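First up is the structure itself, then whatever we jot down about it.
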Amino acid sequence: MKKFTKLTSAVVPLNIENIDTDQIIPARFLKATTREGFGENLFRDWRYENDNQPKADFVLNNPTYSGQILVAGKNFGCGSSREHAAWAIQDAGFDAVISSFFADIFKGNALNNGLLPIQVSEEFLAQIFKAVDNNAKSALEVDLENQTVTIVETGAQESFEINPYKKSCLINGYDDIDFILNQKQLIEEFEQAR
Amino acid sequence: MSKTLVEKIWDAHVVKSEEGFPDILYIDTHLIHEVTSPQAFDGLRKRGLPVLRPKQTVATADHNVPTLNQLLPIKEELSRYQVDMLTKNCAEFGIELYGLGHPFQGIVHVIGPELGITLPGKTMVCGDSHTSTHGAFGAIAFGIGTSQVEQVFATQCLLQSKPKTMKIEVNGELGQGVGAKDIILYIIAQISAAGGTGYFIEYAGSAIEALSMEARMTICNMSIEMGARGGLIAPDQTTFDYIKGREFAPAGEEWDKALAYWKTLYSDADAKFDSVLTFDAADIAPMITYGTNPGMGMGIQEYIPATGAQPEKEKLSYQKALDYMGFDDDSSLIGKPVDYVFIGSCTNSRIEDLREVADFVKDKRKADNVTVWIVPGSKQVEQQAKNEGLDKIFEAAGFQLREPGCSACLGMNEDKIPAGKYCVSTSNRNFEGRQGQNARTLLASPLTAAAAAVTGKITDVREMLTPNP
Ligand code: SF4
């Protein structure tokens, strides 16, 4: 897994609440047998017309916005538990998602894949959207070690929560598999003792 | 210290437990199928890792497979691709595959128990939520996501925090025409589709103890439909008798050793559960669902609850569910015409289910307006049904006995219920579109499904049975 310590980037703002995983990646795109390539169909039905023409008014099609941070409204990632949602966001080039609330399973899936879900207050979320409204290139600084997110232009800062185990996974760039494999000897001892 | 059954099995499988971290839980058996495994194999390849314990992994093809002419090439391209991929992955990583054409092939949760792979005290996982089925043997069994499938491949372990425990007791005697499926649909209707969230459930009480192994599997299978992480039942003589002599079950000295251990697997008398619920078997009638989640069920003679009686913020979604089903609130389902009857899925496709249905339909015929599919859970169930002549009974009744697979349970193969049609189904989920786009599913027991097949409408099966003396 990729290491995550600090990230300073412009953001892609998606000021919509209750974005469910069916919107993130519609069921008809779940047929692939690898994890890659889902980014192409991220927000498929918001992003493209039925004839595959990009919808000009959707933010991902707007060259003014770019960056590795997706900022979305409350209750992001609700609905079906498909892990493909996290894969798709990551595959489209995002390393972090900011919202004022995440659905549980999505949050777990994101962390398992090295995509950092950052939960901030409603007020702070509104400040981020405002900053981006004023200046599309407005950047955020995410500091995982200190668990803070800062709006670079205004200096406004908020801290966020993260499970200490998951935090160490992201900082060290290891996932559950690396973590367990590091204890391989314990596994073998366990097997022998049975 | 006294422990619950879940705690006993859990503690025996903890490789490492550290404050602030989830436990590293050792997994005895990993079951896989064609749909949720390819990305996990792909992940292994990228990391350059082998499957750590391939001998503890068993694969079958079930979710996508056709249920007619299974030995011909699969017509549907995606299904064929996923099944081929599984064959290739299993060969590359040294995993035993019971694929199409193999005498052991079948639905993953049917073949584990019938082959003696599912045993008391084990930890078992599969990338499928109905893995809870195996809990019927007194095992900790639960469904996992694709990243976790990869995790188990690579390490034979899972990072998991210990679940909360709930005990559900069902005491007393079941009435005639009422079975395991009715018990579990009743419990879910009582506590709702979210009533078990976060718990591991232990089912107990005299009504549960009286059940056969196959009936117990039906109960544990649907634990997930109330949001629980899994469900299990303490092993007893019924369990041991079922396991003995099966293909991969321990034998000889191994058997004696295993049996001695299995006999220690029960919740201690003073063990503490985080929650305890008790039900009376005599209160349970044949059940049927009227809505679009398994919690929307009722006794077959009851009326669909009024929309007005629902909590304010649920009224809208309640009405939406009834609209989808084409039902009015405050009305009875008795006499409603039915288009399809599906007897199958990992909930009710075992030999006892088929025997019960055959016994009921003997010398009867299906109604003209109904299409009936019987999809056995495995090749072995199919073979056994033929050995017992059940196929002849089904044929005479106009029921079609197909080849094993998940089939119309999730409509991933060709077995889809057409839009707007009503299907009385012995499967476990009645979600919108589950059995096909806009299909309408009514979950019920095999007997209630058989009664609908014969009469062509929703029927209280008790009225068709000769009363017990
Ligand atoms: S029969 Fe249905 S519920 Fe059971 S494993 Fe297959 S798809 Fe899942």
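By convention in this document, chain letters (A, B, ...) are assigned in the order of the sequence lines, proteins followed by strands, and residues within each chain are numbered from 1. Computed from a predicted structure; not experimentally measured.
- In this structure, B:Pro38 and A:Thr34 have side chains that are not in contact, with every pair of non-hydrogen atoms separated by 4.5 Å or more.
- Heavy atoms from other residues, nucleotides or ligands lying under 6.0 Å from CD of B:Glu18 number more than 12.
- Minimum interatomic distance between A:Ile177 and B:Thr155 (heavy atoms only, all atoms of both residues): O-CG2, 4.1 Å.
- For A:Asp175, the part sitting under 4.5 Å from any heavy atom of chain B is the side chain, from C-beta outward, and nothing else.
- More than 12 heavy atoms of other shown residues, nucleotides or ligands fall within 6.0 angstrom of atom CD1 in A:Ile16.
- Counted within 6.0 Å of CD on A:Glu40, heavy atoms from surrounding residues, nucleotides or ligands total 12 or fewer; the atom is thus considered open.
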* Intermediate values then yes/no, side-chain contact (heavy atoms from CB on, under 4.5 Å), A:Arg194 and B:Asp28 -> CA-CA 11 Å; A:Arg194 308 186 85 201; B:Asp28 294 314; 2.8 Å; yes
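- Of all the heavy atoms in A:Thr33 and B:Tyr81, the pair that sits closest is OG1-CE2, 3.4 Å.
- Of the atoms belonging to A:Tyr165, heavy atoms from both backbone and side chain fall under 4.5 Å from chain B.
- A 4.5 Å side-chain heavy-atom check between A:Lys184 and B:Gln156 finds every atom pair outside the cut-off.
- Counting heavy-atom neighbours within 6.0 Å of A:Lys74 NZ, excluding the residue itself, gives a total of 12 or less.
- In this structure, the side chains of B:Tyr26 and A:Glu191 come closer than 4.5 Å at one or more pairs of heavy atoms.
- Only the backbone of B:Val14 comes within contact range of chain A, judged by heavy atoms closer than 4.5 Å.
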* Test A:Gln183 against B:Val15 for side-chain contact (heavy atoms from CB on, under 4.5 Å), laying out the working first. => CA-CA 9 Å; A:Gln183 337 246 348; B:Val15 173; 5.9 Å; no
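- By the 6.0 Å contact criterion, CD on A:Glu49 is enclosed, its count of non-hydrogen atoms from other residues, nucleotides or ligands being greater than 12.
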* Candidate pair B:Ser147 and A:Asn109, rule side-chain contact (heavy atoms from CB on, under 4.5 Å), full reasoning -> CA-CA 8 Å; B:Ser147 280; A:Asn109 286 339; over 6 Å; no
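- Inter-residue side-chain proximity for A:Ile180 and B:Leu159 is flagged as met; some heavy-atom pair is nearer than 4.5 Å.
- Under a cut-off of 6.0 angstrom, the local environment of NZ in B:Lys46 is crowded, with over 12 non-hydrogen atoms contributed by other residues, nucleotides or ligands.
- Counting heavy atoms from C-beta outward, A:Ile187 and B:Cys157 have side chains that approach closer than 4.5 Å.
- A:Lys137 NZ: more than 12 foreign heavy atoms inside a 6.0 Å radius.
- Between A:Leu181 and B:Leu49 there is a side-chain heavy-atom pair separated by less than 4.5 Å.
- For the pair B:Glu150 and A:Arg35, the salt-bridge criterion is met [side-chain N within less than 4.0 Å of a carboxylate O].
- Contact of B:Asn89 with chain A is not made at all, since no heavy-atom distance falls under 4.5 Å.
- A:Glu83 has its side chain out of reach of B:Gln39: every pair of non-hydrogen atoms, C-beta onward, lies at least 4.5 Å apart.
- With a threshold of 4.5 angstrom between heavy atoms, A:Glu36 approaches chain B through side-chain atoms but not through N, CA, C or O.
- Between A:Phe179 and B:Phe21, the ring-plane angle classifies as parallel under the 30° and 60° cut-offs.
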